[in-house]
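Ligands are counted one by one from 1 in listed order, and the atoms in each one are counted from 1 as well.
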Amino acid sequence: MGNKRSAFIAVIGAPNAGKSTLVNKLVGAKVSIVTQKVQTTRARIRGIAVEGDAQLVFIDTPGIFSPRRRLDRAMVAAAWEGIEGADAILHVVDAAAELAGPSKSTADTEMIIEELKKRGRKATIVLNKIDKTARSDLLKLIGAMSARGVYDETFLISAENGDGVKDLKKLLVERAPEGAWMYPEDQLSDVSERVMAAEVTREKVFKRLHQELPYESTVETTSWTRTKKGELKVEQTIYVSREGHRPIVLGKGGQTLKAIGEASRKELSEIFGEPVHLFLTVNVREGWTEEAARYREMGLGIVD
Ligand SMILES: Nc1nc2c(ncn2[C@@H]2O[C@H](COP(=O)(O)OP(=O)(O)OP(=O)(O)O)[C@@H](O)[C@H]2O)c(=O)[nH]1
Ligand SMILES: [Mg+2]
């Protein structure tokens, strides 16, 4: 073995660009939750991959958009903090959305380009979702993006089916500077089991509930114990911000909550490699999205 090498790589982009899907693909395991809704990732999550002498630490970040609520501001701040001290930046762009014409997504891309310029940082542009786009359109997009002056290299990938991801990883390994590894060889993420378990349940909440409800809810693991038989018992609270939301999370006869719990329990048992007993409670906590303590729990800083 040669000298050890190590790199921090920040993954930024508009909401829903496919950042978490890409990080999971690069790590080879699910470390960050993925849904079809925007603003799924809320805090910085590190996913770790080892390739030969190199350890790559990917910093998955919340999508960058124009923030309104205090929680949104904390999320966007977390995304930009993710690039500070990073050896490389991957700007993930939903190529299909970019080609579809002006939208919220293209406006967010513009905002990111401006901010990269302001900070004097170069990024590698990763055009994602190429499974949904025509090759000829992509060539035009590559030209337009390269002309922006903030990108050193362009990659075309499908984070979902893995196309192009190997080539991207190869470049990142080649570029990794010499340095000691920051994590043990077999560690895949920096998220604790308790937080990971809460995230898995939050993913199920996002997938089952609609409109503003997912954005007005959060999940915390409140207890992590073993039964007398030695089996893992996890208790979690789903917080909603209004009394009116509680019956929606519960569903008719408790069906929705049951389905969320069932889906989460199944995945947690796979992740932790043993049966998990999961108990979910729904609590109302008005204005939690403005409450610093709640998102400190999620790994977010305080932003005024
Ligand atoms: N067709 C297609 N869909 C993709 C691809 N990559 C991601 N997606 C889908 O895009 C949606 C968003 O993916 P995420 O990985 O959650 O996106 P994100 O950028 O992390 O989103 P936020 O955390 O909300 O900022 C999900 O439904 C993914 O399955 C891709 O290469 N092709
Ligand atoms: Mg994400």
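- Annotation for Lys104: atom NZ counts as buried by contact number, over 12 foreign heavy atoms lying within 6.0 Å.
- Protein heavy atom closest to atom 25 (O) of ligand 1, with residue, atom name and distance, is Lys19 NZ, 2.8 Å.
- Polar contact with ligand 1: absent for Pro15 (N/O pair, distance under 3.5 Å).
- Taking each of Ser20, Ser32, Ala159 in turn, the one with a heavy atom nearest to atom 20 (O) of ligand 1 proves to be Ser20.
- What sits closest to atom 10 (O) of ligand 1 on the protein, heavy atoms only, is Lys129 NZ, 3.0 Å.
- Atoms OG and CD, from Ser105 and Glu110 in turn, are 10.5 Å apart once rounded to the nearest 0.5 Å.
- For the pair Leu280 and Ile260, the minimum side-chain heavy-atom distance is below 4.5 Å.
- Scanning the protein for heavy atoms near atom 27 (O) of ligand 1, the closest one is Gln36 CA, 3.3 Å.
- Among all protein heavy atoms, the one lying closest to atom 4 (C) of ligand 1 is Glu160 OE1, 3.5 Å.
- The Mg ion (ligand 2) lies at 2.8 Å or more from every N, O or S atom belonging to Thr61.
- Given atom 21 (O) of ligand 1, the protein heavy atom at minimum distance is Asn16 N, 3.0 Å.
- The Lys132 neighbourhood of ligand 1 comprises atoms 1 (N), with distances under 4.0 Å to a heavy atom of that residue.
- A continuous path of Ile, Leu, Val, Met, Phe, Trp and Tyr side chains, each step under 4.5 Å between heavy atoms, connects Leu116 with Met111, placing both in one hydrophobic cluster.
- At a heavy-atom distance under 4.0 Å, only side-chain atoms of Asn128, from C-beta outward, approach ligand 1.
- For atom 26 (C) of ligand 1, the closest non-hydrogen atom on the protein side is Thr35 O, 3.3 Å.
- For Ser6, the side-chain contact (heavy atoms from CB on, under 4.5 Å) criterion is met by Trp181, Met182, not counting sequence neighbours.
- Protein heavy atom closest to atom 17 (O) of ligand 1, with residue, atom name and distance, is Gly18 N, 3.1 Å.
- Using a 4.5 Å heavy-atom threshold, the side chains of Ile33 and Phe206 count as separate.
- Distances from the Mg ion (ligand 2) show that Thr21 has no N/O/S atom below 2.8 Å.
- In plain terms, the two heavy atoms of Ala176 and Leu56 that are nearest each other are CB-CD2, 4.2 Å.
- In this structure, atom 2 (C) of ligand 1 lies nearest to the protein heavy atom Asp131 OD2, 3.5 Å.
- Every atom of ligand 1 is numbered from 1 in the order shown, and the set under 4.0 Å from a heavy atom of Ala17 is 19 (O).
- Counting heavy atoms only, Thr40 comes closest to atom 24 (O) of ligand 1 of the residues Thr40, Thr21, Ile12, Ile64.
- Nearest heavy-atom pair across Trp288 and Glu216 is NE1-O, 3.0 Å.
- A side-chain donor-acceptor contact under 3.5 Å links Ser158 and Asn161.
- Ring centroid separation for the pair Trp224 and Phe279 does not come in under the 6.0 Å cut-off.
- Residues Gln236 and Thr201 have side chains that bring a donor and an acceptor to within less than 3.5 angstrom of each other.
- Looking at ligand 1, you'll find an N or O of Thr41 within less than 3.5 Å of one of its N or O atoms.
- Geometrically, Lys122 does not engage Tyr151 in a cation-pi contact defined by less than 6.0 Å to the ring centre and at most 45° from the axis.
- The N/O atoms of Ser158, backbone and side chain alike, include one that comes under 3.5 Å of an N/O atom in ligand 1.
- Contacts with ligand 1 closer than 4.0 Å are made by backbone heavy atoms (N, CA, C, O) of Gln39 only, the side chain lying farther away.
- Within ligand 1, counting atoms from 1 as listed, the ones closer than 4.0 Å to a heavy atom of Gly63 are 25 (O).
- Ligand 1 does not have Gly13 within reach: every non-hydrogen atom of the residue lies 4.0 Å or more from it.
- Ligand 1 has no nitrogen or oxygen under 3.5 angstrom from a nitrogen or oxygen of Val38.
- The two residues Gly47 and Val27 come nearest to each other via the heavy atoms C-CG2, 3.5 Å.
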